[in-house]
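To start, the structure under review is shown below, and the notes come after it.
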Protein chains: 2
Amino acid sequence: MTSTEPGLPEGTRPTRQRRAVVAALGRQDEFRSAQEIHEVLREEGDRVGLATVYRTLQALAAGEDVDVLRGEDGETRYRLCSGSHHHHLVCRDCGRAVEVEGPAVERWADAVAREHGFDEVSHTVELVGRCGDCRPG
Amino acid sequence: MTSTEPGLPEGTRPTRQRRAVVAALGRQDEFRSAQEIHEVLREEGDRVGLATVYRTLQALAAGEDVDVLRGEDGETRYRLCSGSHHHHLVCRDCGRAVEVEGPAVERWADAVAREHGFDEVSHTVELVGRCGDCRPG
DNA sequence: GTTTCTGCAAAACCTTTGCAGCTAG
DNA sequence: CTAGCTGCAAAGGTTTTGCAGAAAC
């Protein structure tokens with residue numbers, strides 16, 4: 001029985017570094033890459049190795065504690081997720097993201113999959129647009 | 001007025017290399033990475049530099065002539081798309097992909113975006129599952 | 001003749017890994 | 001004490017870039 005601290009990756013030891021990464025991630029509103037989290041920690045004077053940030057984020061992702069998004073620039077970004085399944089609407093200019101629920105999409109995904117003989121379907125939906133604040137004019 | 005050959009990236013010169021890349025891509029049924037396309041060409045004795053493959057694929061993507069998929073392994077994969085907007089249902093085991101239309105999703109995306117004051121919204125939907133052929137048992 | 005493209009090799013990137021030393025249990 | 005974690009630096013992999021020569025216009 002692994003007694004892991006809540007928030008930390010499952011089955012790992014609660015170290016200062018892991019706590020720091022999880023805490024920093026929790027303070028972010030948007031998706032952040034390993035490098036960004038590392039930078040945040042560095043600015044706060046919290047010394048954590050980049051490799052450790054990568055390892056912790058990876059562990060969190062494996063435990064499904066975070067949402068993962070692969071950006072166009074090749075960086076993988078993470079964000080703590082609030083449990084229930086949802087999707088994101090991201091502003092392409094300022095990066096602001098809104099969580100949106102989409103029961104309609106869930107149903108559609110299941111239906112389409114079954115229709116083609118597919119099973120165990122998961123889906124990823126990303127909406128990218130421009131938010132009111134970033135609209136020119 | 002740039003008179004570009006159909007299939008080739010818009011506004012570019014029709015070179016042997018670009019034609020080769022587009023042709024090779026056209027012969028694929030599934031998503032392929034730049035490296036894979038480069039390999040395909042090499043096997044056929046078609047000498048095209050890897051950098052050129054990358055550049056051509058990038059140009060095609062910019063012109064929306066291909067679908068782009070960022071894999072979990074960090075490779076970016078491309079596939080010629082058949083014009084109208086659609087999404088993909090991909091088998092996580094064999095990689096087989098089916099194009100699916102989703103008018104329902106388009107409408108949902110627009111509605112959600114507007115609801116949050118977003119504009120000029122584009123969306124990405126990926127369905128990943130297991131196809132009939134790969135189902136165990 | 002000029003502009004654009006290609007190929008190569010080097011560089012830039014993000015990410016992973018090996019390993020010695022440190023830390024939690 | 002022992003197993004697991006960290007940090008560093010090196011290695012790994014993909015993608016981009018600089019530049020001289022070649023090709024298209």
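Letters A, B, ... are given to chains in the order of the sequence lines, protein chains preceding strands, and every chain is numbered from 1.
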Do any N or O atoms from the side chain of [X] and from the backbone of [Y] form a donor-acceptor pair under 3.5 angstrom?
{"X": "B:R32", "Y": "B:L25", "answer": "no"}
{"X": "B:R18", "Y": "B:T56", "answer": "no"}
{"X": "B:R19", "Y": "B:P14", "answer": "yes"}

With a 4.0 Å cut-off, would you call A:R77 and A:E36 a salt bridge?
-> yes

Separation of [N] [atom2] from [X] [atom1] (nearest whole Å):
{"X": "B:R18", "N": "D:dA24", "atom1": "CZ", "atom2": "P", "value": "11 Å"}
{"X": "A:R19", "N": "D:dT6", "atom1": "CZ", "atom2": "P", "value": "11 Å"}
{"X": "A:L50", "N": "D:dT6", "atom1": "CG", "atom2": "P", "value": "13 Å"}
{"X": "B:Q58", "N": "C:dC5", "atom1": "CD", "atom2": "C1'", "value": "14 Å"}
{"X": "B:R55", "N": "D:dT17", "atom1": "CZ", "atom2": "P", "value": "10 Å"}
{"X": "A:Q17", "N": "D:dG7", "atom1": "CD", "atom2": "P", "value": "4 Å"}
{"X": "A:Y54", "N": "D:dG13", "atom1": "OH", "atom2": "P", "value": "16 Å"}
{"X": "A:D73", "N": "C:dT15", "atom1": "CG", "atom2": "P", "value": "8 Å"}

Between [options], which nucleotide gets closest to the side-chain atoms of [X]?
{"X": "A:T76", "options": "D:dT6, C:dG7, C:dT15", "answer": "C:dT15"}
{"X": "A:R13", "options": "C:dC8, D:dT15, D:dA3", "answer": "D:dA3"}
{"X": "A:P14", "options": "D:dA24, C:dC8, C:dG25", "answer": "C:dG25"}

How is A:R16 classified with respect to the nucleic acid when contacts are heavy atoms under 4.0 Å: base, sugar-phosphate, or nothing?
-> sugar-phosphate

Considering heavy-atom distances to DNA chain C, does B:V53 or A:R77 have its closest nucleotide positioned more toward the 5' end?
->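 Nearer the 5' end of the strand: B:V53.
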
More than 12 foreign heavy atoms under 6.0 Å from CZ of B:R16: is that the case here?
->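 Correct, the count exceeds 12.
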
Assess the side chains of A:T76 and A:R70: does a donor N or O sit below 3.5 Å from an acceptor N or O?
-> yes

Indicate the atoms forming the closest heavy-atom contact of A:L127 with B:A109, along with that distance.
-> CD2-CB, 3.7 Å

Assign each of B:A51 and B:T15 to its nearest nucleotide of DNA chain D by heavy atoms, then name whichever residue's nucleotide is nearer the 5' end.
->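 Closer to the 5' end of DNA chain D: B:A51.
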
Does anything in residues 20-47 of chain B reach DNA chain C, meaning a heavy atom under 4.0 Å, and if so which residues?
->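 Output list: B:R47.
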
